[in-house]
Amino acid sequence: ESLRSDAMRIRVCVLMALGQYAFSQVNESICVNAFRAASMYLGMADRMTQLLQANATGMVPNFVAAM
């Protein structure tokens, strides 16, 4: 559930940044939204790696080792 929530928040941040960029309002808030989306994505990717290590190491050992 937490991963779904994070994915939705990432989408919203990215859409907000794209919308602001489309209207050529390049300012600090665009950078903040882009940074927020990237930070949430990294956190979500880390939790996904932990989830895979805990529950699916037999199914995807090469993927887990690469992370």
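In what follows, every heavy atom counts, from backbone to side chain, and hydrogens, waters and symmetry copies are set aside.
- Atom CG of Leu18 and atom SG of Cys13 lie 11.0 Å apart (nearest 0.5 Å).
- Residues passing the side-chain hydrogen bond (donor to acceptor under 3.5 Å, both in side chains) test with Arg9, sequence neighbours excluded: Asp6.
- Transitive grouping of hydrophobic side chains (ILVMFWY, heavy atoms separated by less than 4.5 Å) keeps Leu51 and Met8 in distinct clusters.
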Which atom pairs, one a donor and one an acceptor, fall under 3.5 Å between side chains of residues 36-46 and the rest of the protein, sequence neighbours left out?
from: Arg36; atom 1: NH1; to: Asn33; atom 2: OD1; distance (Å): 3.3
from: Ser39; atom 1: OG; to: Phe35; atom 2: O; distance (Å): 3.0
from: Asp46; atom 1: OD2; to: Gln50; atom 2: NE2; distance (Å): 3.2

